[in-house]
Amino acid sequence: MRYQDQVVKLTQKAIQDICRAALATPVDKHEWVPMGHARSVLSQMREIATQSPFFTAIIRDGDVPVFDEHARQQALKLRESFTMVQECADAAHRTTAELCQAIAAFPDKELEDEITLPFGGGMSMTKADVLSLAHWNLTYHLGQINQIQLMLGDREMH
């Protein structure tokens with residue numbers, strides 16, 4: 001199996017897992033902020049709904065999209081336009097499918113090429129690593145949503 005195919009498989013499973021978990025959270029708790037400081041399920045799903053196009057652009061174009069203050073504000077505005085977890089899940093499924101197509105088509109010969117991302121003052125990583133960033137972020141937020149469910153007394157594995 002090609003590396004790209006494994007990343008697609010893991011990413012598809014992760015989007016299913018996080019959407020299932022988020023939708024299993026009681027609707028009246030979608031905006032609950034644990035301990036007054038953590039992120040709500042809706043906040044996390046807003047990010048999930050909007051993350052894939054950023055990674056898809058890097059994978060397809062080979063360059064990092066502009067991520068200046070204007071672009072950051074536009075991204076925040078888009079995130080805030082989602083008002084329900086179901087809406088976020090629907091968008092996330094669509095954009096993750098597009099991302100997975102880009103990952104599957106990524107050429108083997110470019111896997112070890114390096115790119116610098118605008119996070120944390122600039123992080124350099126291989127494009128192979130970039131292919132798995134969406135999966136990493138999905139599983140990271142899945143853990144946060146699972147923790148919220150545990151805090152709400154939900155011990156069921158969703």
Side-chain angles (χ1 to χ4, degrees), residues 1-34 38-67 71-108 110-111 115 117-119 125 127-152 154-158:
M1 174 184 291
R2 292 174 59 232
Y3 171 75
Q4 296 90 319
D5 298 333
Q6 180 66 17
V7 172
V8 166
K9 179 181 166 184
L10 293 171
T11 303
Q12 289 171 333
K13 181 176 182 330
I15 195 65
Q16 295 297 328
D17 291 346
I18 194 167
C19 290
R20 184 177 55 253
L23 291 167
T25 306
V27 174
D28 66 329
K29 298 297 184 185
H30 284 178
E31 295 188 65
W32 179 60
V33 178
R39 291 176 63 190
S40 69
V41 171
L42 179 59
S43 171
Q44 293 177 73
M45 288 303 293
R46 284 173 167 158
E47 180 179 329
I48 297 306
T50 60
Q51 77 166 3
S52 290
F54 180 79
F55 296 120
T56 301
I58 295 170
I59 292 165
R60 283 190 182 150
D61 303 336
D63 291 317
V64 177
V66 174
F67 200 67
R72 194 177 80 69
Q73 289 301 319
Q74 291 300 106
L76 289 173
K77 185 177 177 181
L78 175 61
R79 282 183 185 171
E80 294 298 317
S81 74
F82 291 96
T83 60
M84 298 179 347
V85 169
Q86 181 65 61
E87 182 183 19
C88 295
D90 293 343
H93 281 290
R94 265 191 323 278
T95 60
T96 302
E98 294 167 7
L99 171 65
C100 286
Q101 289 174 346
I103 293 169
F106 194 80
D108 293 341
E110 294 181 29
L111 288 171
I115 191 167
L117 299 177
F119 312 116
M125 57 180 44
K127 290 185 178 177
D129 292 333
V130 171
L131 295 182
S132 67
L133 282 177
H135 168 258
W136 174 86
N137 199 45
L138 289 166
T139 57
Y140 169 77
H141 288 294
L142 174 61
Q144 292 178 312
I145 290 171
N146 289 158
Q147 180 64 28
I148 289 171
Q149 290 169 326
L150 287 171
M151 293 173 82
L152 293 170
D154 183 350
R155 302 290 187 257
E156 185 178 333
M157 187 88 162
H158 298 285

Test: D5 and K9 ion pair at under 4.0 Å | no
Any donor-acceptor pair under 3.5 Å from D61 side chain to D63 backbone | no
Are any of the side-chain heavy atoms of V27 and M84 separated by less than 4.5 Å?
-> no
So does Y140 have more than 12 non-hydrogen atoms from other groups sitting under 6.0 Å from OH?
-> no
Is there a donor-acceptor pair under 3.5 Å between the side chain of R94 and the backbone N or O of A49?
-> no
M45 and Q86: side-chain contact (heavy atoms from CB on, under 4.5 Å), yes or no, with the steps?
-> CA-CA 9 Å; M45 288 303 293; Q86 181 65 61; over 6 Å; no
When you measure from the side chain of Q51 to the backbone N and O of E47, does any donor-acceptor pair fall under 3.5 Å?
-> no
ring-ring contact (aromatic ring centres under 6.0 Å, His included) partners of W32, counting only residues at least two apart = none
How long is the span from the CZ atom in F55 to the CG atom in L99, to the nearest 0.5 Å?
-> 8.5 Å
With no hydrogens and no angle check, do the side chains of S52 and E98 hold a donor and an acceptor under 3.5 Å apart?
-> no
Roughly how far, to the nearest 0.5 Å, is CZ of R20 from CG of L142?
-> 8.5 Å
Verdict with supporting geometry, T96 and Q12, side chain to side chain donor-acceptor pair (under 3.5 Å) | CA-CA 8 Å; T96 302; Q12 289 171 333; over 6 Å; no
Could you pull out the closest heavy-atom pair between L23 and A89, with the gap in Å?
-> CD1-CB, 4.2 Å
Are L131 and L111 close enough that some pair of their side-chain heavy atoms sits under 4.5 Å apart?
-> yes
Nearest non-hydrogen partners of H93 and Q16, listed with the distance = CE1-NE2, 3.3 Å
L10 and T139, any side-chain heavy atoms less than 4.5 Å apart | no
Would you check if D154 and N146 make a side-chain contact, meaning some heavy-atom pair closer than 4.5 Å?
-> no
CG (L42) and SG (C88) are apart, to the nearest 0.5 Å, by 5.5 Å
By ring-ring contact (aromatic ring centres under 6.0 Å, His included) - contacts of F82 (at least two apart) = none
Neighbour count above 12 (heavy atom, 6.0 Å) for E31 CD | no
How about K29 and V41: do any of their side-chain heavy atoms sit closer than 4.5 Å?
-> no
Distance-only, no hydrogens or angles: does the Q44 side chain make a donor-acceptor pair with backbone N or O of R39 under 3.5 Å?
-> yes
Between V7 and S132, the two heavy atoms sitting closest are CG1-CA, 4.0 Å
Give, for atom OG1 of T11 and atom CG of L138, the distance between the pair rounded to the nearest 0.5 Å.
-> 7.0 Å
Tightest non-hydrogen contact, residues A104 and V8, listed as N-CG2, 3.9 Å
Is it true that a side-chain atom of Q4 and a backbone atom of F106 form a donor plus acceptor pair closer than 3.5 Å?
-> yes
For the side chain of H30 and the backbone of S40, is there at least one donor-acceptor N/O pair under 3.5 Å apart?
-> no
Starting at CG of D17, measure out to NE2 of H158 and round the result to the nearest 0.5 Å.
-> 12.0 Å
Closest heavy-atom pair and its distance - A92, I15 = CB-CD1, 3.6 Å
Is the backbone of L150 close enough, under 3.5 Å, to the side chain of R155 for a donor and an acceptor to pair up by distance?
-> yes
Report the C-alpha distance between L133 and M125 in whole Å, list the side-chain angles of each, state the deciding distance to 0.1 Å, and finish with yes or no for side-chain contact (heavy atoms from CB on, under 4.5 Å).
-> CA-CA 11 Å; L133 282 177; M125 57 180 44; 3.7 Å; yes
Hey, does L117 have a side-chain heavy atom less than 4.5 Å from the side chain of I58?
-> yes
Starting at OG1 of T25, measure out to CD of Q149 and round the result to the nearest 0.5 Å.
-> 4.0 Å
